[in-house]
Protein chains: 2
Amino acid sequence: MRVAELSERLAITPDTVRFYTRIGFLRPRKNPDNGYKEYGAEDLQRLKFILSARGLGFSVDDVGQILREADQGKSPCHATRTLMATRLRESEQRFREMLALRNKMQAALTSWETVPDCPPSGHTICHLIEAFSEQEWSAEPGLDSSTEMDAMKDETEAMNKVTSKR
Amino acid sequence: MRVAELSERLAITPDTVRFYTRIGFLRPRKNPDNGYKEYGAEDLQRLKFILSARGLGFSVDDVGQILREADQGKSPCHATRTLMATRLRESEQRFREMLALRNKMQAALTSWETVPDCPPSGHTICHLIEAFSEQEWSAEPGLDSSTEMDAMKDETEAMNKVTSKR
DNA sequence: GTTGACCTGTGTCTAGGACACAGGTGTAGG
DNA sequence: CCTACACCTGTGTCCTAGACACAGGTCAAC
Ligand SMILES: [Zn+2]
Ligand SMILES: [Zn+2]
Ligand SMILES: [Zn+2]
Ligand SMILES: [Zn+2]
């Protein structure tokens, strides 16, 4: 099996296979005739595992850690649990930030609907952006993350509703 | 004003100022005595603008486009509106993906609570990951994004509730 | 003059591949 | 046997948005 066949089998690009080869996750043997890399059944299994782990939110570094532990004959399960817990926490964090940003973007775009294009005067660069940011700095004096917390609560409710719906 | 003072004024790191200088967004004059970069009032204004735009979700490239247009004397408002609309759509997309991933991560971590650590057998790498992914592949046969759509609807409802709460 | 704290510009690094490119391989036709 | 041409391969570089390391310069105190 060469890169093309392996990548076709798992519905990924050859570049992804090359990448995991480059960082040492796959160990093909080098065909001495043409210098091409020949992948075996073990590489196929490893690549499947890598893709599964990546799809679950593990970083490439995490996968490397797990693979290394497994290669040494140790059970990587503890690392798996710990890393997943960490990644999930990080995910929540970014999720929260994205939610706040998304709301801000929507608010900006909506508020711009009633504002005409600003002429290119010298004392501003783009009034739309500058005005919205200024207004945001001056307004919302007591917004100490309590509304964010409410947002997160509603989020979670919605998500649980969805999850239990299956 | 040198990097330190400028960065201190806007509560950012000197590296950020250096970065925007490196890519040409700021144009300090070079002090011939010591080679240090001297920033003026215009740089301060531009940097404020850059930070506002970045905080609204524009990419650095977007900001460059807007700045270039403004420098040419043209009104960048149209570009601002168009780019923001695009960034908002992208944001929704990533938001949806993050939501799905987050649910998957939670489901995995929960399901692992009732499973013991797998011994390091030769035919698997980490049973936790492989079993969960397999189960996921085999289950959910008719999940053609309709449930995801429902999720998005609930998301939007929750968000609107939050937004209107202010 | 010298010590030492601080400051500066430049080069390199990050994650996860995507992309460009020069050259090799294989096969069909002549 | 040789060539044309499509496809394939490995390697090097690029992307975000800055963060970090580091050698050397600057400035005030002593
Ligand atoms: Zn004005
Ligand atoms: Zn404008
Ligand atoms: Zn087993
Ligand atoms: Zn395991």
Side-chain angles (χ1 to χ4, degrees), chain A residues 1-39 43 46-47 49-67 83 86-87 90-91 94 97-98 101, chain B residues 1-39 43 46-47 49-67 83 86-87 90-91 94 97-98 101:
Chain A
M1 251 189 320
R2 299 182 301 208
V3 280
E5 188 183 343
L6 185 54
S7 62
E8 209 166 326
R9 273 211 206 185
L10 297 182
I12 57 181
T13 78
D15 279 324
T16 302
V17 176
R18 292 201 184 98
F19 172 66
Y20 288 125
T21 305
R22 211 184 302 211
I23 64 178
F25 286 11
L26 304 178
R27 279 90 49 111
R29 75 179 188 85
K30 204 164 188 175
N31 186 333
D33 290 342
N34 49 18
Y36 289 3
K37 285 155 179 155
E38 291 282 347
Y39 296 89
D43 291 314
R46 286 172 79 90
L47 186 49
F49 174 78
I50 294 166
L51 295 177
S52 295
R54 295 280 302 127
L56 268 173
F58 289 100
S59 74
V60 171
D61 224 42
D62 295 343
V63 179
Q65 204 168 320
I66 294 171
L67 280 179
L83 288 170
T86 303
R87 295 302 159 244
E90 289 171 358
S91 185
R94 274 178 305 153
E97 289 165 4
M98 277 205 60
L101 177 60
Chain B
M1 252 189 318
R2 299 182 302 208
V3 281
E5 188 182 345
L6 185 53
S7 62
E8 209 166 328
R9 272 211 206 185
L10 296 181
I12 57 182
T13 77
D15 279 324
T16 302
V17 176
R18 290 201 185 98
F19 173 65
Y20 288 125
T21 306
R22 211 184 305 214
I23 64 178
F25 286 11
L26 303 177
R27 281 90 50 109
R29 75 178 189 86
K30 203 163 187 176
N31 186 334
D33 290 341
N34 49 19
Y36 289 2
K37 285 154 179 155
E38 289 283 347
Y39 297 88
D43 291 314
R46 286 172 79 90
L47 187 48
F49 174 78
I50 293 166
L51 295 177
S52 296
R54 295 278 306 124
L56 268 173
F58 289 100
S59 74
V60 171
D61 222 42
D62 295 342
V63 179
Q65 205 168 320
I66 293 171
L67 280 178
L83 287 170
T86 302
R87 294 302 159 245
E90 289 171 357
S91 185
R94 273 178 305 152
E97 289 165 5
M98 277 204 60
L101 177 60

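Each chain gets a letter, A, B and so on, in the order the sequences are listed, and its residues count up from 1.
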Report summary line: Side-chain contact check for A/Tyr36: nearest option of C/dG24, C/dG17, C/dC7 is C/dG24

Query raised in the report: Nearest to the side chain of A/Val60 - C/dG9, C/dG16, D/dA17?
Result: C/dG16

Requested in this report: Just compare C/dC7, D/dG18, C/dG16 and give me whichever is closest to any side-chain atom of A/Phe19.
Outcome: C/dG16

Query raised in the report: For C/dT10, does either OP1 or OP2 sit under 4.0 Å from a side-chain N or O belonging to B/Lys37?
Result: yes

Report summary line: Per atom distances to the A/Arg18 side chain, the nearest of D/dA19, D/dG10, C/dA18 is D/dG10

Query raised in the report: Under the 3.5 Å rule, do the base of C/dG16 and the side chain of A/Arg22 count as making a donor-acceptor pair?
Result: no

Query raised in the report: Within this structure, what is the CG-to-P distance between A/Asn34 and C/dA22, rounded to whole angstrom?
Result: 21 Å

Report task. Name the residue closer to the 5' end of DNA chain C, choosing between A/Thr16 and B/Val3 according to the nucleotide with the nearest heavy atom. Result -> B/Val3

Query raised in the report: If you measure from the Lys or Arg side-chain nitrogens to the Asp or Glu carboxylate oxygens, is any gap between B/Arg87 and B/Glu90 under 4.0 Å?
Result: yes

Query raised in the report: Within a reach of under 6.0 Å around CD of A/Glu8, are more than 12 heavy atoms found that belong to other residues, nucleotides or ligands?
Result: no

Report task. Nearest-nucleotide wise, let me know which of A/Arg2 and B/Phe58 is further upstream toward the 5' end of DNA chain D. Result -> A/Arg2

Query - Whole-Å gap separating P (C/dC7) and CG (B/Leu6) - result: 14 Å

Query raised in the report: Less than 4.5 Å apart, any side-chain heavy atom of B/Arg46 and any of B/Arg27?
Result: yes

Requested in this report: Tell me what B/Asp15 touches on the nucleic acid: a base, only sugar-phosphate, or nothing, going by heavy atoms under 4.0 Å.
Outcome: base

Query raised in the report: Please give, in whole Å, the distance from D/dG10 C1' to A/Ile23 CD1?
Result: 17 Å

Query raised in the report: Does OP1 or OP2 of C/dA18 have a side-chain N or O of A/Thr13 closer than 4.0 Å?
Result: yes

Query raised in the report: Can you tell if the side chain of B/Phe25 reaches within under 4.5 Å of the side chain of B/Asp43, non-hydrogen atoms only?
Result: no

